[in-house]
Structure formats: structure tokens, C-alpha cells
Amino acid sequence: MLPVPWPGAEAGPEVEGVEEREQDQPEAVVGQLLDQRGWGRDEVGGHIGGGTDEHDVEDGAQPGQFAQWDPKHQHHQGDQVRGHPEGQPGAVSEAFGQHVPARGPQPGADQQGQSGAVAGQSDQQLDQPAGLALGPQLLAGAHPPHHQWLAGGRRGRGYGHGGSFGAGAAVPGRSGTRCSSSGVSGLEKQGQRTDPGLMHTTAPTLDRLLGDWAAGTGPAHRKLTERIRLLILDGRLPLGATVPGERDLAARLGISRTTVATAYTTLRETGYLTTRQRTRSTTTVPPGGISTGHHATELVDGQLIDFSHASPPAPGAALHRAYTAALEQLPRHLPRHGYAQIGLPELRAAVATRYRARGLATTPEQILITTGAQHGLHLLVRTLLRPRARVVVDHPTYPHALHLLRSTRARITPVALTDTGWDLPALAAATHGADLAYLLPDFHNPTGLCLAPADRERLRLGCPTVVDETMAELALETDPPAPLAAHHQNVISVGSVSKTVWGGLRIGWIRADPALIQRLAQSRADTDLGTPVLEQLACVALLEQIDTILPTRLEELRAGRAHLLGLLGAHLPDWTATPGVGGLSVWATMPEPISSRLAALAPQHGLRLAAGPRFGVGGAFERHLRLPYSLDTPTLEAGLHALTATVQAARSGHRATDTPPTGLA
């Protein structure tokens with residue numbers, strides 16, 4: 001077996017491995033590779049021959065839709081290794097549970113690291129936990145073993161944990177080394193060089209990301225160009241990734257190769273694709289400033305009105321007082337080296353005090369100070385997970401968390417939110433045997449929903465769970481509930497002051513078992529040596545006066561939400577926007593699946609939007625748009641007027657001429 005190296009930032013579930021031709025991996029070659037590794041052919045479930053790669057995996061996902069978790073299928077994908085009845089562990093399952101010593105690649109092996117399972121299909125693999133099980137021993141500080149992965153596995157067949165899968169199911173064992181008979185990839189045989197450092201996007205993956213790209217009027221090549229450009233700019237199609245060949249993509253989309261060729265040519269001419277001789281095109285962005293087009297409406301301070309961020313402005317007076325107090329305290333820290341990998345003792349104590357005030361007993365030893373909540377989440381994922389780990393998320397969810405999980409090649413299992421909140425039985429089923437869960441039960445981003453106290457007690461979690469608490473203090477219609485960790489011992493809490501105070505104050509924290517805190521501090525040394533001292537001292541002062549900051553903040557948010565809902569009712573009456581009970585945004589529903597089209601058109605009208613599919617996997621949420629109410633009244637009104645103009649343009653068949661890159665928070 002060939003080891004899969006731990007990647008720094010490799011392709012996630014939506015950027016898959018290089019598409020190799022079926023003739024490059026005949027049954028005899030794959031069987032020979034199995035024999036060389038000591039695996040009997042009868043030990044591997046599924047079929048070595050059969051249909052094509054693309055039809056084995058991706059056909060289940062429809063553009064703009066996502067097959068949500070169905071607990072009724074929990075036991076339908078058990079081990080089906082030949083010679084073993086369904087539901088009983090087979091040779092593959094048992095072998096993969098062992099700690100196998102690492103072995104180097106054989107000469108001539110084509111080591112193309114493959115991506116994680118297709119996010120849109122991961123709901124069909126409940127009982128197939130990936131190579132690493134995050135149990136109590138891991139949280140207590142035990143280091144996970146180095147697991148091996150089976151080489152030569154075809155997508156759509158059970159060459160990993162759990163044996164055979166039917167067509168359309170994601171395959172846990174697909175992450176591994178793909179070998180061809182001559183030791184070179186199918187692309188190289190076709191005369192195209194492949195760079196093992198690049199991420200390769202398959203036609204099925206791009207098809208799913210494109211969603212309903214052909215809707216509306218106008219030439220097909222122009223609509224395809226516009227959608228691929230948006231995918232590049234908003235991060236769903238990573239920079240430096242290769243795009244599928246013209247023939248492959250045309251066959252997948254059911255259009256002519258000329259249409260794809262014309263779209264690719266336009267993208268190259270405008271700087272969104274680059275090509276070297278005898279290589280596939282790779283994604284890029286053109287140099288230069290941001291253009292807002294020829295029809296831009298009113299700008300704020302010469303910039304686009306930014307609806308892509310849901311973050312409040314700074315409380316100027318309170319922030320000034322906090323930094324003044326921090327400067328007074330700074331001299332006593334100057335004789336020291338200034339590195340605080342765990343955080344300043346006074347800030348750890350202040351955060352622990354805040355947790356106790358919210359109903360969760362906490363000591364400073366349970367707190368690690370980070371450079372924002374996103375940094376904390378990255379530290380947890382990098383420390384606790386390995387490639388192919390299965391992670392459960394609520395759906396929709398925070399886009400940066402999805403991007404992080406994809407970059408670590410995790411298998412993402414989404415569990416859909418209902419109109420009223422979380423499906424507790426579905427969450428219990430999904431987390432059973434998973435490696436980790438990432439949830440936002442406190443005034444959820446983007447919906448504003450909150451898990452009720454009674455449901456927090458009833459919830460059953462089958463794996464360690466990271467809870468994002470960045471919105472936990474922003475209760476607009478209810479009292480803030482006690483943290484989820486007050487009801488469950490295997491919960492790791494991540495928080496920050498970016499949403500309650502200001503995003504520019506990059507201070508966050510992790511609350512966990514002291515043993516895990518120490519392990520995270522050791523792991524942190526590989527990337528940074530601590531959070532800035534002055535900002536930590538300012539945060540201490542802010543937490544001391546948080547009870548005077550929050551009432552004013554919450555009153556401003558209630559007024560902004562009411563004003564936003566009134567503007568939506570007046571200008572876009574066919575939209576539905578059910579307000580949550582807290583948070584910073586509403587999750588609006590449109591009658592048409594045009595979210596990505598609006599995001600592409602909005603800059604021409606002076607507005608920046610975050611497309612709904614950024615908050616999900618599998619191309620979901622094309623009928624949704626997150627709208628923040630944390631902006632001041634003039635900006636909110638100007639933004640709604642620009643949004644109305646954008647919707648009218650989209651319904652009239654207008655197309656984007658240029659789309660600037662967008663941020664997101």
C-alpha cells in the first residue's frame with residue numbers, strides 16, 4: 001500500500017483527483033497491484049471492471065440541489081465484502097483498522113494524491129468512518145497512528161473502509177495513489193503533462209459546481225464563461241487548479257465542444273485561465289484593480305456596498321478606552337519575550353469568567369487564546385484530523401469552515417436545518433462513527449436560528465464536536481442559552497470578539513479539556529508563536545465592560561433587522577426572509593435559483609454579494625442569499641436599492657461583464 005502524505009493545503013471534496021481514462025487501469029493491472037501489496041483479490045469488495053469513473057460517483061447530485069442526510073439509510077451501506085453478509089465486517093474493514101507500517105512507493109508509481117469524497121454524496125456512508133477515529137484517547141492527547149490507504153481504487157467502488165458501494169456513493173477509500181499500467185497518468189499518455197503539485201478538477205465536480213448555469217437567455221458560451229469566472233472569484237474553484245478538458249466537460253454538460261472551447265478562450269483572454277504548452281488550463285485571476293462595470297450605482301466611500309460580510313462596526317468609544325487601558329498595562333510585559341502560545345494569563349482568566357457567567361464552569365487552564373475564531377478552528381482541524389476523516393456539519397454553514405475542511409481533504413457530511421432548527425435524530429445518526437462535527441447552534445450563521453435549551457439536553461452526539469460560538473452573545477429575541485458544552489462533555493468551544501465587538505480585533509479562543517489545550521499549544525508552534533500582547537490586553541478591558549457594550553449593540557441590530565425586512569417587503573415582495581432570533585443576518589429565499597447570477601451581476605450595480613452556494617456543498621442554496629443587517633441605515637438602504645436593480649437585471653437576461661473578488665465573514 002502506498003502512503004498518502006499529509007498535505008499542506010490540498011484538494012478538498014470539490015476539487016478531485018486527475019481524471020484517468022478507464023483503459024489506463026484495466027482489471028489485470030489493478031489486480032497485479034493488489035497482489036504486490038499482499039491483498040487478495042477476493043478480499044476487496046465491489047468490481048474492478050464496470051462503468052466509468054464519472055458515472056460511478058457523481059450522477060446522484062443534481063445542479064442546485066443536495067441530497068440531505070436521511071437517517072433511514074444509516075444501515076444501508078454496511079460492509080458488503082464478498083463472502084461476508086451485509087452488516088458484518090469483512091477483510092477490508094478489519095485490515096484498515098490496523099496500524100500498518102509506512103511503505104514507500106514502488107518504482108514507476110504515479111503518485112497523484114486524490115481528493116476527499118464528493119461532498120454531495122457523503123451522506124451515503126454513515127457506517128464507514130475514515131482511517132482516524134477521534135475518540136476519548138485523542139482528546140486526551142494521544143497521537144493518532146499513521147494510516148495507510150489502498151492504492152489503485154476506482155471511484156465509486158469500495159476499495160476502502162466498508163467494502164462495496166453502489167454507483168453514486170462516495171467512497172471512503174478513494175483517497176490514495178492511483179497507478180496506471182506504465183507508471184504514468186492517463187493525461188500524460190494523451191500528451192498532456194500533469195503536475196503533481198496542482199489540484200485537478202474533474203468534469204463531474206465542475207458540473208456540480210456550475211449548477212443551473214444554462215438558465216436564462218443569451219449564448220451558452222457566455223453563460224458558461226460567466227459562471228466559471230464567478231466560481232474562480234468566490235473561491236469555490238481554487239486558484240491554481242486545472243479545469244477539465246474541453247471534450248470531457250462538453251460530454252458531461254451535454255453541449256458542443258465548441259461551446260466549451262469558446263468559453264475557455266474567453267476566460268484565457270480575460271485572465272481567468274492560463275495555459276502552458278501541452279498542459280491543461282489552470283485557474284487564475286487577472287492583475288489590476290477592481291472594475292465595477294459601466295452601470296455602477298452609488299458607492300459608499302468610493303467602494304462597493306459590501307453585503308458579503310456580516311460583521312458590525314467597532315464601538316468606537318469603548319474600543320478607545322480598552323486600548324488606552326492596554327497601553328497602561330503594556331510596560332509590565334515589556335521585559336519578557338512577548339510570546340504567549342497559550343495566551344496571557346489575565347485574558348484566559350477573563351474568558352473563563354465569561355463562560356462561568358453564561359452557565360459553564362470553566363478554569364483558565366481550559367482556555368487557549370487564538371488570533372480569531374477562524375485561527376482556532378484551523379488549529380483544531382490541523383491537530384485532530386487526517387485526510388479522509390469524516391466531518392459532520394449543519395447545512396447551510398459557515399463558508400470558511402467548509403473551505404478549511406476541503407483543504408484538509410475531509411469527507412463532509414451535511415445535515416440539513418429545518419425551517420425551525422436542527423433535526424436531532426438526523427444529527428445523532430450522522431455523528432455516529434464520525435471523526436468530528438462542526439456545529440453553530442448559537443444564532444446560526446447564516447440563518448439566525450438557535451438550538452433551544454431543551455433540545456440541547458436531548459441532542460445526542462456520537463463524536464467529538466466543535467461548536468462555533470462567535471454569535472453566542474447576539475440574542476435579539478430570546479435569552480442567550482447556556483453553552484452546548486454545559487450539556488455534553490465531548491464539546492470543544494470556539495469563540496471570539498469579532499461579532500460582538502469588532503472584526504478588526506483579531507482575538508479568539510478555544511475552550512477544551514486542559515490536556516487538549518496543551519496539545520494544541522504544541523501544535524501551534526509550527527505556524528505561529530502567539531497572539532499579539534497589546535490586543536490581548538485590550539480584549540481583557542473589553543470583556544470587563546462587555547455588559548455595557550452588548551445592550552447598545554443588540555438594540556442597533558434589532559433596528560437594522562427591522563429596517564432590512566421592511567425594505568425587502570417593499571422592494572422585493574416575492575422574496576421570503578424569515579428572521580432568526582439572533583445573529584447578524586437573514587437567510588432570504590428567492591423564487592428563482594439565481595443566487596450565483598446575482599453575485600456575478602451585483603458589482604455592476606455597486607454591490608458585493610456572497611452567493612448562496614458558498615454556504616453549502618454540492619451546489620445547494622441557489623435560491624438563497626445571506627443579507628446582513630449590521631450595516632448603518634444609509635448603507636443598508638443604498639444596498640437594497642442596488643440589490644433590487646441587480647435582480648431586475650438578472651430577470652431581464654443581463655449578463656455580468658466583470659466580477660471583482662469578494663471577501664466573506
[Y] and [X], any side-chain heavy atoms less than 4.5 Å apart:
X	Y	answer
Thr465	Val467	yes
Val285	Leu239	yes
Leu417	Asp423	no
Glu622	Asp212	no
Thr275	Arg268	yes
Leu405	Leu385	yes

### Task
Check the side chains of Asp394 and Trp422 for a donor-acceptor pair under 3.5 angstrom, ignoring hydrogens and angles.
yes
### Message
Looking only at the side chains, is there a donor atom on one of Ser498 and Ser496 sitting less than 3.5 Å from an acceptor on the other?
### Response
yes
### Task
Take Lys499 and Asp468 through the salt bridge (charged side-chain N to carboxylate O under 4.0 Å, His left out) test and state the conclusion after the steps.
CA-CA 12 Å; Lys499 305 300 184 182; Asp468 190 330; over 6 Å; no
Give a yes or no on whether the backbone of [Y] and the side-chain of [X] come within a donor-acceptor separation of less than 3.5 Å.
X	Y	value
Thr646	Ala642	yes
Thr259	Ile255	no
Thr418	Thr420	yes
Arg597	His654	no
Ser585	Pro628	no
Thr262	His221	no
Arg623	Pro591	yes
Thr283	Ala241	yes
Ser311	Gly503	no

Taking all heavy atoms of [X] and all of [Y], pick out the closest pair and write down the distance.
X	Y	answer
Leu554	Ala475	CD1-O, 3.6 Å
Gly583	Leu557	O-CD1, 4.0 Å
Leu206	Pro244	CD2-CD, 3.6 Å
Gly245	Arg280	N-CZ, 3.7 Å
Pro481	Asp442	CG-OD1, 3.9 Å
Pro396	Thr447	CG-CG2, 4.1 Å

From [X] [atom1] over to [Y] [atom2], what is the distance, rounded to the nearest 0.5 angstrom?
X	Y	atom1	atom2	value
Ser308	Leu625	OG	CG	10.5 Å
Leu273	Leu267	CG	CG	4.5 Å
Thr397	Arg614	OG1	CZ	13.5 Å
Arg553	Leu584	CZ	CG	8.5 Å

#### Entry: Check against side-chain contact (heavy atoms from CB on, under 4.5 Å), Val393 and Leu440
CA-CA 9 Å; Val393 300; Leu440 297 97; over 6 Å; no
### Task
Using the test salt bridge (Lys or Arg N to Asp or Glu O under 4.0 Å), find all partners of Arg558 that sit at least two apart in sequence or belong to another chain.
Glu555
### Query
Is the closest basic N to carboxylate O distance between Arg651 and Glu592 below 4.0 Å?
yes
#### Entry: Arg227 and Asp207 ion-paired at < 4.0 Å
no
### Query
What ring pair (Phe, Tyr, Trp, His ring centres under 6.0 Å) pairs are there with at least one residue in residues 562-600, not counting sequence neighbours?
His571-His641, Trp587-Phe615, Trp587-Phe621, Trp587-His624
